[in-house]
Protein chains: 2
Amino acid sequence: MSVSKMSAPDVNQSMCPSRLVLEHVTSRWGVLVLAALLERSYRFSELRRTVGGVSEKMLAQTLRTLERDGFVRRDAQAVIPPRVDYSLTELGREAGEQVWGLARWVERRMDEVSEARRAYDEARTS
Amino acid sequence: MSVSKMSAPDVNQSMCPSRLVLEHVTSRWGVLVLAALLERSYRFSELRRTVGGVSEKMLAQTLRTLERDGFVRRDAQAVIPPRVDYSLTELGREAGEQVWGLARWVERRMDEVSEARRAYDEARTS
DNA sequence: CAGTATCCTACACGATACTG
DNA sequence: CAGTATCGTGTAGGATACTG
């Protein structure tokens with residue numbers, strides 16, 4: 001019902017479990033959540049405001065995925081109104097530093113990328 | 001026609017152009033293409049077989065995007081049958097090393113991630 | 001060989017409403 | 001406050017056929 005006709009034998013991420021983790025930490029909101037938590041711990045709504053533009057659904061999903069992977073620690077206090085704090089585990093801190101490092105590398109090289117694009121686009125607009 | 005109602009003021013990647021580049025290099029096929037080209041240059045079909053499971057469409061698209069960003073050099077020889085070689089630029093080599101470094105970090109920590117997942121899943125199956 | 005063009009589907013994601 | 005449940009849509013990406 002879903003594989004339809006089975007394209008290749010090993011395809012799909014099934015071939016490489018780490019591919020999924022890579023996707024989790026480099027996902028649109030994953031990067032930003034890790035970056036935010038690298039600074040300090042946050043509560044849910046606080047994190048939502050800080051990251052900016054993320055829907056409740058996606059933030060919850062991202063946090064759950066990262067928690068399950070062992071990157072984020074969820075600390076729920078049994079008070080009313082509820083209070084839940086999110087922070088990085090040691091593993092998560094390392095992950096955050098890695099992706100943040102990559103993100104910063106991209107930013108540092110952004111000028112060269114822009115120039116490459118300009119050249120590329122111009123070459124076919126002529 | 002596409003923004004519908006405008007959710008947030010700065011949202012969408014428009015706020016951060018480097019976010020797009022990050023997506024290009026960490027994309028499903030982007031990572032694998034960069035990793036392959038880190039070894040040596042490849043021809044189109046050769047690369048397709050090496051990466052494994054990628055459709056012609058996606059490989060072409062990935063290569064074009066990476067070329068436009070200045071990471072991949074496309075060398076087309078005017079012979080018959082056509083011969084096109086793809087290789088990394090210096091910028092692309094750096095990018096490849098960065099993402100490959102991240103990918104390897106994930107692999108190194110994969111056991112810890114698996115254990116975290118096991119613990120997480122067990123805690124709610126009980 | 002090295003692609004492009006077309007069609008089609010699954011799912012990622014956002015919006016909204018609701019709950020403990 | 002901190003989420004879940006549900007619905008609707010855009011688009012990433014696969015299959016296939018065709019071209020220079």
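Values reported hereafter were calculated over all heavy atoms of this structure, with side chains retained and with hydrogens, waters and symmetry mates removed. Everything numeric here is computed off the predicted structure, so don't read it as measured data.
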Subject >> Basic-acidic side-chain contact under 4.0 Å: Glu46(A), Arg40(A) >> reply: yes
Subject >> Between dA2(D) (P) and Glu67(A) (CD): distance, integer Å >> reply: 15 Å
Original post:
Should we count CD of Gln77(A) as having more than 12 external heavy atoms under 6.0 Å?
Top reply: yes
**OP:** Verify, without hydrogens or angle tests, whether Arg48(A) (side chain) and Val54(A) (backbone) share a donor-acceptor contact under 3.5 angstrom.
**Re:** yes
**OP:** Taking the side chain as every heavy atom from C-beta outward, state whether Arg43(B) and Val84(B) have any pair of such atoms under 4.5 Å apart.
**Re:** no
Original post:
Is the shortest side-chain N/O distance from Arg43(A) to OP1 or OP2 of dA2(D) below 4.0 Å?
Top reply: yes
Subject >> Under-4.0 Å side-chain N/O to phosphate OP1/OP2 contact, Ser45(A) with dC1(D) >> reply: no
Subject >> Short N-O contact, Arg64(B) and Glu67(B), less than 4.0 angstrom >> reply: no
Subject >> Length of the CG-C1' vector between Leu59(B) and dG14(D), whole Å >> reply: 14 Å
Subject >> Length of the line joining Asp85(A):CG and dA2(D):P, which is rounded to integer Å >> reply: 8 Å
**OP:** Give the rounded distance in Å between these two atoms: CD of Glu46(B) and P of dG3(C).
**Re:** 13 Å
Subject >> Arg48(B) side chain near dG14(D) phosphate (N/O to OP1/OP2, under 4.0 Å) >> reply: no
**OP:** Nearest whole angstrom, please: distance from the P of dA2(C) to the CG of Asp75(B).
**Re:** 12 Å
Subject >> Salt bridge Arg104(A)-Glu107(A), side-chain N to carboxylate O under 4.0 Å >> reply: no
**OP:** Using whole Å, report how far CH2 of Trp29(A) lies from P of dC13(C).
**Re:** 9 Å
Original post:
Does any N or O in the side chain of Thr89(A) come within less than 3.5 Å of the main-chain N or O of Arg73(A), such that one atom is a donor and the other an acceptor?
Top reply: no
**OP:** Give a yes or no on whether a salt bridge exists between Asp85(B) and Arg74(B), defined as a side-chain N under 4.0 angstrom from a carboxylate O.
**Re:** no
**OP:** Quickly work out the Met58(A) CE to dA15(C) C1' distance and round it to whole Å.
**Re:** 13 Å
Subject >> N-O pairing of Arg118(A) and Glu115(A) below 4.0 Å >> reply: yes
Original post:
Would you say Arg28(B) reaches dG14(D)'s phosphate, i.e. side-chain N/O to OP1/OP2 under 4.0 Å?
Top reply: yes
I'd like a table of atom pairs between the protein and nucleotides 4-6 of chain D - only N or O on both sides, under 3.5 Å - with the distance next to each one.
from   : atom 1 : to       : atom 2 : distance (Å)
dT4(D) : O4     : Glu56(A) : OE1    : 3.2

Original post:
What integer distance in Å separates Arg74(A):CZ from dC1(D):P?
Top reply: 16 Å
Original post:
What base-paired stems does DNA chain D take part in, with at least 3 consecutive Watson-Crick or G-U wobble pairs and both distances under 3.5 Å?
Top reply: C:1-20 with D:1-20
Subject >> Phosphate OP1/OP2 of dC1(C): any Tyr86(B) side-chain N/O under 4.0 Å >> reply: no
